[in-house]
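The basis for the numbers below is simple: all heavy atoms, side chains too, and nothing from hydrogens, waters or symmetry mates.
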Amino acid sequence: MMEHNMIGWVEIPVTDMDRAKNFYEAVFNITISIHDLGGFIMGWFPYEEGVKGISGSLVKHEMYQPSDHAGALIYFSCRDVAEEARRVMDAGGEVLREKTAIGEGHGYMALIKDSEGNRIGLHSQS
């Protein structure tokens with residue numbers, strides 16, 4: 001038995017922190033806090049101890065490059081992916097794949113492109 005789930009933190013590359021912060025705050029109705037950690041500009045997603053899931057950060061640094069076709073694909077948990085997908089275009093992103101049933105009771109997914117050009121997944125059970 002594992003002590004913890006395999007994924008513990010996510011970092012999403014950005015080129016414009018203010019634009020990315022505004023995008024994620026608008027789509028997910030959250031507040032992101034910005035921190036400068038020795039040249040790594042990070043926009044931390046909300047985190048609450050004792051609840052399911054992980055947290056992560058937007059990261060602006062020369063070592064990080066957004067991508068809509070390569071690298072890791074991160075899935076954000078949602079109540080209903082259709083709700084978040086409806087807010088994507090107004091926030092400066094693009095819906096790449098509308099809400100789609102995964103099948104066999106695994107819920108639904110959608111794919112979006114964020115304001116920085118990253119391909120991001122959305123997942124919900126309903």
Side-chain angles (χ1 to χ4, degrees):
M1 179 183 223
M2 295 182 351
E3 289 183 30
H4 53 79
N5 290 319
M6 296 296 296
I7 306 219
W9 183 258
V10 171
E11 293 181 342
I12 300 173
V14 306
T15 54
D16 182 322
M17 183 59 75
D18 289 333
R19 179 179 61 205
K21 178 182 184 294
N22 291 337
F23 174 85
Y24 282 92
E25 287 179 338
V27 170
F28 294 104
N29 196 26
I30 59 172
T31 300
I32 293 173
S33 59
I34 304 298
H35 305 269
D36 184 343
L37 303 174
F40 283 81
I41 309 301
M42 303 185 84
W44 294 348
F45 292 109
Y47 176 77
E48 189 168 330
E49 194 73 40
V51 298
K52 292 193 294 185
I54 64 168
S55 192
S57 180
L58 304 172
V59 181
K60 181 179 179 188
H61 189 270
E62 63 190 24
M63 292 176 16
Y64 289 73
Q65 296 299 316
S67 176
D68 68 346
H69 63 277
L73 178 56
I74 299 158
Y75 277 82
F76 284 89
S77 296
C78 307
R79 287 182 196 223
D80 181 347
V81 299
E83 289 179 30
E84 283 75 11
R86 277 192 289 274
R87 297 192 290 257
V88 167
M89 288 186 58
D90 287 342
E94 177 184 347
V95 176
L96 301 174
R97 184 171 185 177
E98 296 286 344
K99 181 177 180 178
T100 304
I102 298 170
E104 299 182 28
H106 295 290
Y108 298 85
M109 58 82 65
L111 291 176
I112 65 170
K113 188 187 307 183
D114 73 7
S115 62
E116 303 304 291
N118 292 298
R119 180 182 50 145
I120 303 292
L122 305 175
H123 177 265
S124 65
Q125 284 303 112
S126 58

- Item | Full working for side-chain contact (heavy atoms from CB on, under 4.5 Å) between I102 and H123 | CA-CA 9 Å; I102 298 170; H123 177 265; 3.6 Å; yes
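- Side-chain heavy atoms closer than 4.5 Å link hydrophobic residues (I, L, V, M, F, W, Y) into clusters, and following such links, possibly through other members, connects I41 to V14.
- A distance of 9.5 Å separates CD1 of I30 from NZ of K21, quoted to the nearest 0.5 Å.
- Of all heavy-atom pairs spanning G117 and P66, the tightest one is C-CB, 4.5 Å.
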- Query: Where do L58 and F45 land on the side-chain contact (heavy atoms from CB on, under 4.5 Å) test, with the steps shown first?
  - Reply: CA-CA 8 Å; L58 304 172; F45 292 109; 3.8 Å; yes
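- Closest non-hydrogen pair, E84 versus C78, comes out as OE1-CB, 3.4 Å.
- When hydrophobic clusters are built by joining Ile, Leu, Val, Met, Phe, Trp and Tyr residues whose side-chain heavy atoms come closer than 4.5 Å, directly or via intermediates, I7 is not grouped with M42.
- To the nearest 0.5 Å, atoms CZ (F40) and CD (E62) are separated by 8.5 Å.
- More than 12 heavy atoms of other residues, nucleotides or ligands lie within 6.0 Å of CD in E25, so this atom counts as buried by the packing criterion.
- Both I54 and F76 sit in one connected hydrophobic cluster of ILVMFWY residues. Membership requires side-chain heavy atoms under 4.5 Å apart, directly or through other members.
- Between S115 and A20 the shortest heavy-atom distance is OG-CA, 3.5 Å.
- No side-chain heavy atom of F23 sits less than 4.5 Å from a side-chain heavy atom of N118.
- Listed here is the closest heavy atom pair of A110 and Y75: O-CE2, 4.4 Å.
- Environment of NE2 in H69: sparse, with no more than 12 heavy atoms of neighbouring residues, nucleotides or ligands closer than 6.0 Å.
- Rounding to the nearest 0.5 angstrom, the gap separating the CG atom in D18 from the CD1 atom in I32 is 11.0 Å.
- More than 12 heavy atoms of other shown residues, nucleotides or ligands fall within 6.0 angstrom of atom CD1 in I34.
- Between V88 and V27 the shortest heavy-atom distance is CA-CG2, 3.9 Å.
- Pairs of residues two or more places apart, or lying in two chains, never qualify as salt bridge (charged side-chain N to carboxylate O under 4.0 Å, His left out) while including a residue from residues 31-40.
- Atom NZ of residue K60 and atom OG1 of residue T15 lie 7.5 Å apart, to the nearest 0.5 angstrom.
- Pairs passing the salt bridge (charged side-chain N to carboxylate O under 4.0 Å, His left out) check and including a residue from residues 105-125, sequence neighbours excluded, read R19-E116, D68-K113, E94-K113.
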- Message: With side-chain contact (heavy atoms from CB on, under 4.5 Å) as the criterion, how do L73 and L111 come out once you've worked through the C-alpha distance, each side chain's angles and the decisive distance to 0.1 Å?
- Response: CA-CA 9 Å; L73 178 56; L111 291 176; 3.9 Å; yes
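- Here the closest heavy-atom approach between residue S55 and residue P46 is recorded as OG-O, 3.2 Å.
- Classification of R86 and E83 as a salt-bridged pair fails, no side-chain N sitting under 4.0 Å from a carboxylate O.
- Put simply, the side chain of H35 never gets that close to the backbone of L37: no donor and acceptor are under 3.5 Å apart.
- Considering only residues two or more places apart in sequence or on other chains, D80 meets the salt bridge (Lys or Arg N to Asp or Glu O under 4.0 Å) condition with K99.
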- Applying side-chain contact (heavy atoms from CB on, under 4.5 Å), run through I120 and I12 and close with a yes or a no. CA-CA 9 Å; I120 303 292; I12 300 173; 4.1 Å; yes
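- Side-chain N or O atoms of S57 include none that pairs as donor or acceptor with a backbone N or O of E11 at under 3.5 Å.
- A chain of hydrophobic side-chain contacts below 4.5 Å, direct or via other Ile, Leu, Val, Met, Phe, Trp or Tyr residues, connects V81 to V10.
- Ring-plane geometry between Y24 and F28 is classed as parallel, the angle between the planes falling under 30 degrees on a 0 to 90 degree scale with a further cut at 60.
- Side-chain heavy atoms closer than 4.5 Å link hydrophobic residues (I, L, V, M, F, W, Y) into clusters, and following such links, even through other members, never connects Y64 to I74.
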